[in-house]
Amino acid sequence: MADSPIDIRVIAHFDIDCFYAQSEVLRCPSLRGRPVGVTQKFLVVTTNYIARSLGVPKMVSIDEAKKVLPALVLVNGEDLTPYRAESKQIMAVLGRYGVVQRSGLDEGAVDITAQVKARLQCGFPALSFSSHILGWEAVSGEPGNDSGGTFVNVDSTKLELEKISGVDTALLVGSQVVSEMRSAIEKETGFQCSCGVAQNKMLAKLASSLNKPSKQTCLLSGAVERFIAPLPARKIPGVGRQTEAILLDLGVQTITDLKKVSVCQLSERLGARIGQFLYDACRGRDYTPVLDKGPPKSITVEDSFRNCTTLQQAEGILRVLAPDLIKRLDEDRVETGRRPKSLTLKWRVQGPKWNFISVSTDLPVELLSPSLSKEQRAAVAVEVASRLLLRNLGHSFHLVVLNIGATNFVETSTSDPAVRDIRSFLQAQGNSPRKELKVTSKNDARARRESFKTMTSALPAGPTGAVLGLNFSAVADSQKTPDTHIFGSGHVGDEYQLSNSSDEEDGWRDLADQLKSGVRASCPTATNFTQTQSYKDVSDQLQSQQSTDLLHSKSIFKTSHPAKLKQFFVENEDVMKLESPDSQRAGVTNTGGLHFRTQTAGSSRIANSIAKREVVPESTSQKKKRKSRNGTLDAFVIRK
DNA sequence: ATGGGTCCT
DNA sequence: AGGACCC
């Protein structure tokens, strides 16, 4: 039965040809035309196709490779930094054509169904591309080739359109799209790749490895069964050594063998999930969508070595690794705004058992603190890691691999790209229409906003203040510990009820009274930091006191969560640094990222607008007035 | 094996 | 925390 058009998918699987080796050749043109191998430690991890044609496969020892081919040019590829950067460029090109699911630096699946459908809107589009095609005979009337597919320069004149099924039509148009994608990648990044086009991720991946390098293979529907039937079960992505061994025990070698085993039998030996997966896979079925997995869930650095038997040696290794980790975490923060919560240490000891041992701990906030030098932060990492090692290894050990990394990333206020660079953000406010801020965090950001609305609408009408820029609100913890506050992030445009007093300090006191009167039990509200002390001062204070007045003159709240408060200060330090005498002069109280302007009764227009939750641009006269005092803040906009 | 990653249990 | 899998 034919698939309904709504079920048809066209998936392309891309695989950059010998990625590391190609990268080295691209960055060092004198290598072009020569056999090249990329090394990590004592291994040649990959070779270009020239080297392969001269007898050097990938994953051989350097000694062996040199013996086979003395002319082999070896390049060290232990530092993945350039590969990561190039991979990102390539993935960005792919991303223009559909959702991309990366797997490793050099591979990815792209769902190009939408592209295909768009081209079929106006009937069968003109085709012009070269591809290997399995099942060619069914759509052309020409003879086909089952080993690797028929190589054809496709154009519409070769096709017997009336004979082609909807699925195959889509796959052929998809191949046209893929041909253009490969050209785009090569033109924009220099990289050549191989590609498979099929109805699902598994088949596309299998097809992509059929013809290399720099070739594409299309697997038409009629050829699926006979293509996969003779393949070893191990070829199914997801079937590794262990599963292969169990299948062999069941008498299964090929996909054809696998088809004869019942789901029950498979599930018995391998668990229901893998059982069902294999049952589908050997029939060419893979219903899993192409999913963008987002930024990495862990960032780690590691090294391997021959002997590391003392803590001093381990620390030496960590001192090399830690700066790399810090650098990568910083880059990640610039890109994503998130922060890792856990530090993991993983190692392998010498011996027949090659398994990794791993431990994790809370990642010390100092590791990410912008006020500490990179060296200081690296030293913190080394210290924590070495303590972890000492605790878990005892005194006699022999490490061969050491890995340190960060996981458990959480969104922060700066995870929102719109507020990541508050400097440009604030500058942009005056000139551009207000950007809708997206609340992306899966946590309680939405709930917080909702409860905030409840709070602001429940409060009596009256003069109101509004947050001008990025703000942080203190979320009341719970009733059980009065005077306890957890610090979280608020949002641009959140509104706060302030006092009608023109005296800032009274305003804050009123706010505190509101909180005390019970509003805070269920609602987030504003808190008040002033930026008169550096993080270090606060940190010292926090360390010396269990509960501390935040700051002298304007502090209202106490905290019973010094650790969380400290975390908050570290997280937001870069924002807090924005504090400038200018904003003081402007009559704006910048309180640790909170930009408040107190509205007196005279500003009824704005007060009303806030009540109605309108967007209110600052009036020209207001702006002029303020600009005459200072020019740092360009807009006063209230949202919702 | 290398220097990374993923997801599941 | 460890295992199986992927490149």
Side-chain angles (χ1 to χ4, degrees), chain A residues 13-21 23 37-47 57-65 74-84 87 90-91 101-109 193-194 201-202 205-206 208-209 233-247 270-278 281 288 291-306 317 320-321 324-325 328 332 342-350 353-361 388 392 400-409:
Chain A
H13 187 274
F14 285 80
D15 190 333
I16 309 300
D17 302 322
C18 52
F19 180 49
Y20 292 178
S23 162
V38 176
T39 64
Q40 283 169 345
K41 293 290 150 12
F42 58 90
L43 266 184
V44 179
V45 293
T46 192
T47 52
K58 52 181 179 178
M59 294 295 174
V60 292
S61 76
I62 292 179
D63 290 349
E64 221 173 308
L74 294 176
V75 183
N76 185 296
E78 284 164 17
D79 182 0
L80 305 186
T81 310
Y83 308 141
R84 276 193 199 97
S87 175
I90 295 165
M91 297 300 165
Q101 186 169 348
R102 276 196 326 124
S103 37
L105 293 178
D106 69 326
E107 273 195 28
C193 63
S194 294
K201 283 192 287 183
M202 179 188 67
K205 181 172 166 61
L206 290 173
S208 76
S209 57
R234 176 73 208 262
K235 288 276 182 188
I236 298 171
V239 175
R241 256 193 344 162
Q242 310 285 322
T243 310
E244 183 192 26
I246 292 168
L247 289 177
L270 296 151
R273 210 182 52 90
I274 295 178
Q276 185 64 51
F277 163 73
L278 288 175
T288 62
L291 234 44
D292 182 348
K293 304 287 185 169
K297 297 181 175 48
S298 62
I299 292 178
T300 70
V301 292
E302 71 180 50
D303 198 2
S304 62
F305 27 81
R306 305 249 105 210
I317 294 154
V320 176
L321 294 179
D324 285 2
L325 180 63
R328 282 228 270 145
D332 182 74
S342 306
L343 184 76
T344 64
L345 200 65
K346 207 159 58 156
W347 63 85
R348 227 174 84 189
V349 292
Q350 201 192 43
K353 291 279 281 175
W354 46 261
N355 53 321
F356 275 95
I357 295 155
S358 66
V359 293
S360 93
T361 184
L388 273 178
N392 291 276
V400 292
V401 175
L402 194 52
N403 175 308
I404 181 171
T407 60
N408 275 332
F409 286 89

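Just so it is clear, the values below take in all heavy atoms, side chains as well, and ignore hydrogens, waters and symmetry mates. Numbers restart at 1 for each chain; the letters A, B, ... are given by sequence-line order, proteins then strands.
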Please report, rounded to the nearest Å, how far the [atom2] atom of [N] is from the [atom1] atom of [X].
X         : N      : atom1 : atom2 : value
Arg102(A) : dT6(B) : CZ    : P     : 8 Å
Glu78(A)  : dA1(B) : CD    : C1'   : 13 Å
Asn403(A) : dT6(B) : CG    : P     : 12 Å
Lys41(A)  : dA1(B) : NZ    : P     : 14 Å
Asp324(A) : dG3(B) : CG    : P     : 12 Å
Leu402(A) : dT2(B) : CG    : C1'   : 15 Å
Gln101(A) : dG5(B) : CD    : P     : 17 Å
Asp79(A)  : dT2(B) : CG    : P     : 17 Å

Going by salt bridge (charged side-chain N to carboxylate O under 4.0 Å, His left out), name the residues that satisfy it together with Asp324(A), two or more places apart in sequence or in a different chain. none
Set of salt bridge (charged side-chain N to carboxylate O under 4.0 Å, His left out) partners for Arg234(A), sequence neighbours left out: Glu244(A)
With the side chain defined as heavy atoms from C-beta on, Val301(A) is closest, among dT2(B), dG5(B), dG4(B), to dG4(B)
Answer with base, sugar-phosphate or nothing: what part of the nucleic acid does [X] contact at a heavy-atom distance below 4.0 Å?
X        : value
Phe19(A) : nothing
Thr39(A) : nothing
Leu43(A) : base

I need the single residue from Thr46(A), Leu74(A), Val75(A) that forms a side-chain contact (heavy atoms from CB on, under 4.5 Å) with Thr39(A). Which is it? Leu74(A)
Looking at [N], I'd like to know if its phosphate oxygens (OP1 or OP2) sit under 4.0 Å from a side-chain N or O belonging to [X].
X         : N      : result
Arg84(A)  : dG3(B) : no
Ser61(A)  : dA1(B) : no
Ser298(A) : dT6(B) : yes

Would you kindly say whether Ser194(A) and Asp17(A) are connected by a side-chain donor-acceptor distance under 3.5 Å?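 Judged by distance alone, the side chains do pair up.
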According to ring pair (Phe, Tyr, Trp, His ring centres under 6.0 Å), who are the partners of Tyr20(A), at least two apart in sequence or on a separate chain? Tyr83(A)
Quick check on DNA chain B: between Thr300(A) and Phe305(A), whose nearest nucleotide comes earlier from the 5' end?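 Comparing both residues, the 5'-ward one is Phe305(A).
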For Val401(A) and Arg328(A), take the nucleotide of DNA chain B holding the closest heavy atom to each; which residue's nucleotide lies nearer the 5' end?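 Comparing both residues, the 5'-ward one is Val401(A).
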Backbone of Gly77(A) reached by a side-chain donor or acceptor of Gln40(A) within 3.5 Å: yes
Heavy-atom pair of closest approach, residues Lys201(A) and Thr288(A):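 That closest heavy-atom pairing would be CE-OG1, 3.0 Å.
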Distance-minimising heavy-atom pair for Leu270(A) and Ile274(A): O-CB, 3.6 Å
Whether each nucleotide of nucleotides 2-7 of chain C has a protein heavy atom under 4.0 Å at its base (B), only at its sugar-phosphate (S) or at neither (-) is summarised, 5' to 3', as SSSSSS
side-chain hydrogen bond (donor to acceptor under 3.5 Å, both in side chains) involving Asp79(A) - partner list, sequence neighbours excluded: Thr81(A)
Could you list the protein-to-nucleotides 7-9 of chain B atom pairs, N/O on both sides, closer than 3.5 Å?
none

Take atom NZ of Lys41(A) as the centre, draw a 6.0 Å sphere, and report whether it contains more than 12 heavy atoms from other residues, nucleotides or ligands.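 Check passes, neighbour count above 12.
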